[in-house]
Trainee: 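The structure follows.
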Amino acid sequence: EPEVTQTPSHQVTQMGQEVILRCVPISNHLYFYWYRQILGQKVEFLVSFYNNEISEKSEIFDDQFSVERPDGSNFTLKIRSTKLEDSAMYFCASTQNTGELFFGEGSRLTVL
Amino acid sequence: AQSVTQPDIHITVSEGASLELRCNYSYGATPYLFWYVQSPGQGLQLLLKYFSGDTLVQGIKGFEAEFKRSQSSFNLRKPSVHWSDAAEYFCAVGPMDSSYKLIFGSGTRLLVRP
């Protein structure tokens with residue numbers, strides 16, 4: 001069964017460092033998303049991406065964040081200069097156009 | 001603005017007992033509705049979804065949910081809980097706009113007593 005895969009599963013970084021989280025969405029899907037879940041809290045929408053551009057972003061998704069689909073298969077989330085409060089689980093998701101999102105297992109980011 | 005409310009932060013039930021997790025939403029039209037389950041340290045697994053049609057939907061692991069438009073609710077039920085059901089449960093609403101994004105509730109943590 002096709003699935004969304006994310007790497008790394010866990011990354012530890014120093015405050016101020018750049019981080020790139022990678023996702024491989026399901027191959028025939030058209031819409032891609034990043035969500036964030038701070039430990040013990042709800043899952044929050046960060047950004048949606050369609051047709052090679054951001055279609056919607058939340059207020060959390062400030063200038064420190066960027067997304068890219070560099071090669072037609074990967075979908076990346078970059079945090080330019082990490083802050084302590086960026087520590088969270090980051091989930092990638094994709095959908096064809098049915099409204100049902102398929103989530104990856106998540107990438108846990110720890111900022112020290 | 002769309003929102004999802006899960007009023008119960010924690011629920012504890014005995015194994016074999018029935019379960020109902022509450023979810024209320026605020027949205028201007030009929031949304032897509034979902035329940036996801038998350039085991040500790042794991043990703044989000046879809047339990048069931050409602051798009052249209054029959055308001056009682058069946059999902060995996062013996063779960064079901066009922067959409068009640070008049071109450072703006074989509075409560076999750078299971079007639080007999082198993083210890084392996086202990087997890088965090090998230091209700092989500094999908095606006096029927098071009099982004100298809102989901103908005104999640106704050107979650108309900110289910111504890112199962114042996």
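Just so we're on the same page: letters track the sequence lines, and every chain starts at 1. Here the structure is a predicted model, which is why all the values come from computation and not from measurement.
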Trainee: Hydrophobic clusters here meaning ILVMFWY residues chained together by side-chain heavy-atom distances under 4.5 Å, can you tell me if B:L33 and B:V37 are in one?
Mentor: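 In one cluster with B:L33: B:V37, yes.
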Trainee: Quick check on B:Q6 against chain A: is it the side chain, the backbone, both or neither that has a heavy atom closer than 4.5 Å?
Mentor: neither
Trainee: Table please: side-chain donor-acceptor pairs of residues 59-68 of chain B below 3.5 Å, with sequence neighbours left out.
Mentor:
unit_1 : atom_1 : unit_2 : atom_2 : d
B:K61  : NZ     : B:Q45  : OE1    : 3.2
B:E64  : OE1    : B:Q58  : NE2    : 3.2
B:E64  : OE2    : B:R77  : NE     : 3.4
B:E64  : OE2    : B:R77  : NH2    : 3.2
B:E66  : OE1    : B:R77  : NH1    : 3.2
B:E66  : OE1    : B:R77  : NH2    : 3.4

Trainee: Less than 4.5 Å apart, any side-chain heavy atom of A:Y31 and any of B:K101?
Mentor: no
Trainee: Is there a path of hydrophobic side-chain contacts, each under 4.5 Å between heavy atoms of I, L, V, M, F, W or Y residues, that connects B:L19 with B:L48?
Mentor: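 They do share one cluster, since a chain of ILVMFWY contacts under 4.5 Å joins B:L19 to B:L48.
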Trainee: How about CG on A:N28, more than 12 heavy atoms from neighbouring residues, nucleotides or ligands closer than 6.0 Å, or not?
Mentor: yes
Trainee: Going by residue number, which parts of residues 103-112 of chain A are within reach of chain B, meaning a heavy-atom gap below 4.5 Å?
Mentor: A:F103, A:G104, A:E105
Trainee: Might you confirm whether atom CG of A:L84 has over 12 heavy atoms from other residues, nucleotides or ligands at distances under 6.0 Å?
Mentor: yes
Trainee: For residues B:F90 and A:Y90: do they belong to one hydrophobic cluster (side chain heavy atoms under 4.5 Å, members Ile, Leu, Val, Met, Phe, Trp, Tyr)?
Mentor: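 No.
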Trainee: Do B:V93 and B:V57 share a hydrophobic cluster (ILVMFWY, side-chain heavy atoms under 4.5 Å, transitive)?
Mentor: yes
Trainee: Can you list the residues of residues 40-47 of chain A that sit under 4.5 Å from chain B, counting heavy atoms only?
Mentor: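 Answer by number: A:Q41, A:K42, A:V43, A:F45.
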Trainee: When clusters are formed by joining ILVMFWY residues with side-chain heavy atoms under 4.5 Å apart, either directly or through shared neighbours, do B:V112 and B:L21 land in the same one?
Mentor: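 Yes, it is one cluster - the side chains of B:V112 and B:L21 are joined through contacts under 4.5 Å.
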Trainee: Quick one: pull up OH in B:Y36 and CZ in A:F91 and give me the separation to the nearest 0.5 Å.
Mentor: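 Interatomic distance, B:Y36 OH to A:F91 CZ, rounded to 0.5 Å: 11.5 Å.
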Trainee: Judged by atom type as modelled, is there a donor-acceptor pair below 3.5 Å linking the side chain of A:Y35 to the main-chain atoms of B:L102?
Mentor: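 Present.
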Trainee: Are B:Y32 and A:E100 packed together at the side-chain level, in the sense that at least one heavy-atom pair is separated by less than 4.5 angstrom?
Mentor: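 Side-chain contact under 4.5 Å: no.
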Trainee: What part of B:L44 gets within 4.5 angstrom of chain A, counting heavy atoms only: side chain, backbone, both, or neither?
Mentor: both
Trainee: If contact means a heavy atom pair closer than 4.5 Å, which residues of residues 5-17 of chain A contact chain B?
Mentor: none
